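Okay, structure first, notes after.
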Amino acid sequence: MISPVTPIGIEALSLYAPPFYLDLDDLGKARGVDPRKYRVGLAQDEMAMCPPDEDAVTMGAAAAAAALRQVDASKIGVVMLATESGIDQSKAGAIYIHGLLDLPRACWCFELKQACCSSTMGLHTALALVAQRPDRKVLVVASDIARYGLGTPGEPTQGAGAVAMVISAEPRLVAFDTAVGSYTADEMDFWRPNYLREAQVDGKHSIRVYLEALEHAWRDYREQGGAPYASLDRFCYHLPFNKMGQKAHQHLARISHGEAPQAGMAEAQAYGRRIGNTYTASLYVGLASLLETDPEDLTGRRIGFFSYGSGCMGSFFSGRVMPGYREALDAERHHRLLHDRHRLSIGTYEAWHRHDLPEDGSDYETPRVSDGPFRLAGIRDHQRQYERVETAPAASDLAEAETEVALADA
Ligand code: CAA
């Protein structure tokens with residue numbers, strides 16, 4: 001028995017990517033690296049860049065606002081924020097999101113951490129909470145800024161973005177099976193101490209332990225009664241860079257003594273190629289990408305999911321695509337979001353990368369750059385000031401602001 005009696009799953013799924021990106025050809029030129037290493041070797045084309053007036057909260061709020069347009073928001077009883085880009089050691093970023101979206105007061109709000117797979121822990125927790133009280137809906141938000149040092153091997157695998165999922169007993173997109181495979185091992189493949197802005201990473205080791213975690217989580221999934229390999233129609237992997245998903249797919253086929261089916265693989269990676277790594281959001285960016293770009297009708301098809309979080313934890317699970325899923329997608333908005341972004345010059349990218357919010361307690365007003373629906377206006381008395389943006393700046397103002405920030409920080 002791998003499906004619950006009452007289907008529980010994703011009722012709404014929306015993405016947000018900041019309106020700026022760096023083309024990896026430009027990065028290759030600047031670093032003296034053959035751009036094919038990025039486009040072919042890592043299977044990445046572009047990476048989203050978070051402007052100085054956005055953070056994990058503003059991106060998460062933007063994704064959540066879009067997801068909530070499709071559901072009865074008065075039923076939201078829990079808001080979780082999964083992130084590795086937290087803004088406070090105590091107060092949950094989920095409370096800021098709850099406030100910005102004016103959600104019901106009868107609500108739990110909390111933050112989750114275990115590298116990139118805390119969003120999946122949020123999803124599994126949400127499924128249990130909804131099973132307990134099927135009248136309640138849970139908002140799971142995953143939002144991150146993937147940062148590595150300038151000029152390091154990790155640099156082309158950065159990105160930024162958020163996903164919001166409404167989990168309920170009225171799933172319109174995917175209903176999850178009950179079997180879940182788990183794996184944990186104490187590894188130092190990727191971590192970020194509190195005093196550093198950029199992740200520390202042992203790149204080659206991280207690839208090895210990702211594949212080990214996949215293997216163990218898959219075997220556990222099968223032992224828990226999960227579907228046989230041949231009955232999985234599509235696959236979504238955590239995508240720190242797309243080539244990792246391809247390596248994972250080959251590895252899973254090898255240990256399952258099967259062929260690695262290619263249907264849906266490019267589709268599940270289409271958005272990630274342009275956004276880059278979004279840590280906690282990455283697996284679900286892949287799901288949105290698959291559902292929104294796969295030309296086949298996926299109704300009733302079973303998707304296998306692998307979630308990986310460095311440190312390390314893995315989870316393999318599965319779900320079925322619901323009838324009528326296409327009407328519940330936010331595809332048009334997502335295509336517009338990706339299409340309307342501004343391409344950054346390498347100079348602005350580097351200036352933004354170096355840009356730091358003050359850490360000495362001084363007040364600060366953030367330059368207005370983003371045209372997203374929420375922005376970080378500044379810091380006052382050690383408190384981040386968020387605002388809802390009623391009118392987006394015109395494109396020419398954006399270009400000017402971009403230059404100003406670049407110059408101010410050069
Ligand atoms: N044309 C085509 N391909 C080329 C090429 C060229 N001119 N030059 C190199 N390549 C290929 C290489 O052959 C290689 O492909 P294979 O892995 O298939 O052999 C690929 O490009 C990458 O080349 P390198 O291995 O030499 O790259 P690197 O050592 O400079 O860095 C990396 C790669 C280790 C992934 C690095 O970008 C990194 O550390 N990234 C961050 C860590 C990461 O993402 N780890 C993934 C697992 S951890 C995880 O999943 C959690 C998370 O989100 C961080």
Side-chain angles (χ1 to χ4, degrees), residues 16 18-20 22 48-62 81-101 109-111 113 141 143-152 155 158-162 191-200 278-280 342 344-393 397-410:
Y16 177 75
F20 301 94
L22 185 69
M49 187 67 193
C50 193
D53 56 347
E54 290 213 50
D55 65 11
V57 166
T58 63
M59 294 193 298
L81 173 65
T83 186
E84 302 181 51
S85 316
I87 56 151
D88 194 290
Q89 290 284 5
S90 296
K91 179 169 172 172
I95 295 187
Y96 291 99
I97 294 176
H98 175 274
L100 285 167
L101 301 179
C109 289
F110 51 94
E111 193 164 307
K113 179 170 75 181
V141 182
S143 181
D144 265 308
I145 301 163
R147 278 178 60 91
Y148 300 94
L150 294 173
T152 64
E155 187 180 24
Q158 299 176 107
W191 66 103
R192 183 165 69 85
N194 287 343
Y195 52 84
L196 290 181
R197 287 182 73 221
E198 277 120 30
Q200 301 294 292
T278 49
Y279 292 160
T280 50
H342 311 265
L344 290 180
S345 66
I346 194 83
T348 304
Y349 153 72
E350 289 185 352
W352 286 9
H353 199 285
R354 291 196 185 98
H355 177 84
D356 261 335
L357 291 171
E359 291 190 345
D360 59 358
S362 47
D363 288 355
Y364 177 73
E365 203 174 308
T366 320
R368 183 163 180 187
V369 181
S370 176
D371 61 359
F374 300 98
R375 63 182 293 274
L376 171 65
I379 299 181
R380 200 164 53 232
D381 299 331
H382 293 282
Q383 298 167 24
R384 286 198 184 210
Q385 308 293 314
Y386 291 107
E387 65 184 21
R388 196 187 287 266
V389 178
E390 300 303 344
T391 47
D397 296 347
L398 275 170
E400 223 167 275
E402 215 186 304
T403 318
E404 262 172 42
V405 176
L407 291 179
D409 290 293

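Remember, predicted model here, so these are calculated numbers, not experimental data.
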Work out which heavy atom in [X] is nearest to a heavy atom in [Y]; give both atom names and the distance.
X	Y	result
Gly372	Ser370	N-OG, 2.9 Å
Cys50	Met59	SG-SD, 4.3 Å
Tyr148	Ala199	CE2-CB, 4.0 Å
Thr83	Ala56	OG1-CB, 3.8 Å

[atom2] on [Y] to [atom1] on [X], rounded to 0.5 Å:
X	Y	atom1	atom2	value
Leu81	His98	CG	NE2	13.5 Å
Ile346	Leu22	CD1	CG	5.0 Å
Arg368	Asp53	CZ	CG	8.0 Å
Thr278	Tyr16	OG1	OH	13.5 Å
Arg375	Gln385	CZ	CD	11.5 Å

Using side-chain heavy atoms (C-beta onward) and a distance below 4.5 Å, is [X] in contact with [Y]?
X	Y	value
Pro19	Glu54	yes
Tyr96	Ile87	yes
Asp88	Glu111	no
Pro18	Met49	no
Leu150	Tyr349	yes
Thr152	Glu198	no
Gln158	His353	yes

Please check this pair: side chain of [X] against backbone of [Y], looking for a donor-acceptor N/O pair closer than 3.5 Å.
X	Y	value
Thr366	Leu376	yes
Asp381	Gln383	no
Ser85	Ile145	yes

Whether Tyr364 and His355 hold their rings parallel, tilted or perpendicular, with breakpoints at 30° and 60°: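 Judged by the thresholds at 30° and 60°, the geometry between Tyr364 and His355 is tilted.
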Positive for side chain to side chain contact (heavy atoms under 4.5 Å, CB included) with Arg384, one of Thr58, Val57, Leu357: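 That would be Leu357; it is the only one of Thr58, Val57, Leu357 passing the side chain to side chain contact (heavy atoms under 4.5 Å, CB included) with Arg384.
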Within 6.0 Å of CZ in Arg197, more than 12 heavy atoms from elsewhere: yes
CD (Gln200) with more than 12 external heavy atoms under 6.0 Å: yes
side-chain contact (heavy atoms from CB on, under 4.5 Å) between Phe374 and Leu101, intermediate numbers included: CA-CA 10 Å; Phe374 300 98; Leu101 301 179; 3.8 Å; yes
Worked check of side-chain contact (heavy atoms from CB on, under 4.5 Å) between Phe20 and Val369: CA-CA 10 Å; Phe20 301 94; Val369 181; 3.6 Å; yes
Chi angles and distances behind the side chain to side chain donor-acceptor pair (under 3.5 Å) call for Thr280, Asp144: CA-CA 7 Å; Thr280 50; Asp144 265 308; 2.6 Å; yes
